[in-house]
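Working notes, structure below.
Side-chain atoms are counted along with the backbone in the values below, which use heavy atoms only and exclude waters and symmetry mates.
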Amino acid sequence: MKIDYKGFMRERIQRTPVTISPESSFFEARALIHEKGIRHLPVVDKNNRLVGIVTDRDIRQAAPSDATLLSVQELNYLLGKLKVASFMTPKEKLITITPDTIIEEAVQLMHDHKIGCLPVVEGDKLYGIFTETDALAHFVDIFGFKVKGTRLTVALEDKPGTMLGILEIMKRHNVNIISIVTPSFMVEGKRIAAIRIQTEAYQDIVKDLEKAGYPVLSLGKWPSI
């Protein structure tokens with residue numbers, strides 16, 4: 001059976017995000033952002049083509065400062081005339097992805113460009129939106145944070161095949177591995193691996209790891225509450 005795996009991006013994309021027209025007013029955009037509790041508002045035309053995006057920051061910047069000398073009536077009149085198209089970030093300046101972009105690439109783009117969301121387009125149409133909240137939800141899922149078990153932090157030699165010994169010990173104890181995470185940095189010339197296993201009976205596993213030359217630096221049950 002062929003498994004079509006693309007990083008589960010399509011499953012993580014918000015397929016029906018709240019959108020707004022470029023001809024809508026400042027007040028309409030502000031109301032949507034506040035009422036829906038969102039930070040990013042894709043701007044689309046009548047054919048659902050992406051033309052830009054409005055964020056809560058854009059709303060704040062478009063609003064007059066408290067130091068303005070205009071009256072409330074004048075402010076309301078001017079803001080009522082202010083169209084979304086005049087203060088949105090246009091599509092040409094946006095970083096977008098497609099539904100088949102892998103999640104790791106999407107997260108890297110948000111990190112590198114210091115942005116909180118990525119519009120997802122298919123052709124020139126808006127397919128959905130991927131936000132930093134969606135990225136966090138993905139990592140909570142992929143690391144198995146909600147699965148009850150034990151987290152072991154192990155030191156190992158930075159060379160190919162070193163992890164095999166750890167996997168053999170887990171197999172010998174008939175324990176499922178929930179996730180393995182190893183950062184790019186090393187400590188005293190050794191790799192650090194955070195291994196989450198689906199058991200709370202870790203004592204014998206720790207003994208065998210230590211005996212095999214894998215120092216266990218820390219351990220704890222997860223979730224902790």
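From Asp56, atom CG reaches atom CD1 of Ile38 across 9.5 Å, with rounding to the nearest 0.5 Å. Rounding to the nearest 0.5 angstrom, the gap separating the CG atom in Leu82 from the CD atom in Glu28 is 11.5 Å. Here the straight-line distance linking atom OG1 of Thr133 with atom NE2 of His40 works out to 8.0 Å at 0.5 Å rounding. Summarising the geometry, atom CG belonging to Asn176 is positioned 5.5 Å from atom CD belonging to Gln198; distances are rounded to the nearest 0.5 Å. With rounding to the nearest 0.5 Å, the separation of NZ in Lys83 from CD in Glu23 is 6.0 Å. Atom CD1 of residue Ile197 and atom OH of residue Tyr202 lie 10.0 Å apart, to the nearest 0.5 angstrom.
Surrounding CZ of Arg57 are at most 12 heavy atoms belonging to other residues, nucleotides or ligands under 6.0 Å away. Counted within 6.0 Å of NE2 on His173, heavy atoms from surrounding residues, nucleotides or ligands total more than 12; the atom is thus considered enclosed.
Residues Leu152 and Leu217 do not share a hydrophobic cluster, defined by chaining ILVMFWY side chains whose heavy atoms lie under 4.5 Å apart. Hydrophobic clustering (ILVMFWY, side-chain heavy atoms < 4.5 Å, transitive): Val181 and Val107 are in one cluster. Grouping the Ile, Leu, Val, Met, Phe, Trp and Tyr side chains by contacts below 4.5 angstrom, directly or via other members, places Ile13 with Val140. Both Val18 and Phe26 sit in one connected hydrophobic cluster of ILVMFWY residues. Membership requires side-chain heavy atoms under 4.5 Å apart, directly or through other members. Both Phe27 and Leu32 are assigned to one and the same hydrophobic cluster, defined by single-linkage of ILVMFWY side chains at heavy-atom distances under 4.5 Å.
The nearest pair of heavy atoms linking Ala29 to Ile59 is CB-CD1, 3.8 Å. Contact between Ala106 and Leu118 at its shortest, heavy atoms only, is O-CD1, 3.4 Å. Across every non-hydrogen atom of Ala212 and Ile169, the tightest pair is CB-CD1, 3.8 Å. Nearest approach of Ile178 to Gly144, heavy atoms of both residues: CG2-CA, 3.6 Å. Pairing each heavy atom of Val51 with each of Met88, the nearest pair is O-CE, 3.4 Å. Looking at every heavy atom in both residues, Gly213 comes nearest to Pro215 through O-CD, 3.3 Å.
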Apply side chain to side chain contact (heavy atoms under 4.5 Å, CB included) to the pair Ile115 and Ile95, showing each step before the final yes or no.
CA-CA 9 Å; Ile115 52 179; Ile95 297 171; 4.2 Å; yes
Kindly determine whether Arg12 and Asp141 satisfy side chain to side chain contact (heavy atoms under 4.5 Å, CB included), including the steps that lead there.
CA-CA 11 Å; Arg12 292 298 178 189; Asp141 182 26; 2.6 Å; yes
Steps toward side chain to side chain contact (heavy atoms under 4.5 Å, CB included) verdict (Thr98, Val120)
CA-CA 5 Å; Thr98 73; Val120 185; 5.5 Å; no
Trace of the side chain to side chain contact (heavy atoms under 4.5 Å, CB included) decision for Val43 with Thr19
CA-CA 6 Å; Val43 185; Thr19 61; over 6 Å; no
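Here the side chain of Gln61 pairs no donor or acceptor atom with the backbone of Asp58 at under 3.5 angstrom. Here the side chain of Arg49 pairs no donor or acceptor atom with the backbone of Gly123 at under 3.5 angstrom. Remark: side-chain polar atoms of Thr150 are paired, donor with acceptor, to backbone N or O of Thr199 under 3.5 angstrom. In terms of modelled atom types and a separation under 3.5 Å, the side chain of Asp45 and the main chain of Asn47 share a donor-acceptor contact.
Using a 4.5 Å cut-off on side-chain heavy atoms (C-beta onward), Asp208 and Tyr214 make no contact. Contact of the Leu94 side chain with the Ile53 side chain is registered, since non-hydrogen atoms from C-beta on lie closer than 4.5 Å. Within the 4.5 Å cutoff, no side-chain heavy atoms of Leu126 are placed close to those of Thr96. Here the side chains of Leu219 and Val206 are in contact, with some heavy-atom distance below 4.5 Å. Proximity of Lys125 to Leu50: side-chain heavy atoms (C-beta onward) are nowhere separated by under 4.5 Å. With contacts defined as side-chain heavy-atom distances shorter than 4.5 Å, the pair Arg151/Ser218 qualifies. With a 4.5 Å cut-off on side-chain heavy atoms, Ser21 and Val84 do not count as touching. The closest side-chain heavy-atom distance from Val216 to Glu210 is below 4.5 Å.
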For residues 154-166, which side-chain N or O atoms pair as donor and acceptor with protein atoms under 3.5 Å away, sequence neighbours left out?
from: Asp158; atom 1: OD1; to: Arg191; atom 2: NE; distance (Å): 3.3
from: Thr162; atom 1: OG1; to: Glu157; atom 2: O; distance (Å): 3.2
from: Thr162; atom 1: OG1; to: Lys159; atom 2: O; distance (Å): 2.7

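The residue from Gln14, Glu122, Arg15 that alone fulfils the side-chain hydrogen bond (donor to acceptor under 3.5 Å, both in side chains) condition with Tyr127 is Arg15.
Not counting sequence neighbours, the partners of Phe143 by the ring-ring contact (aromatic ring centres under 6.0 Å, His included) test are Phe139, Phe145.
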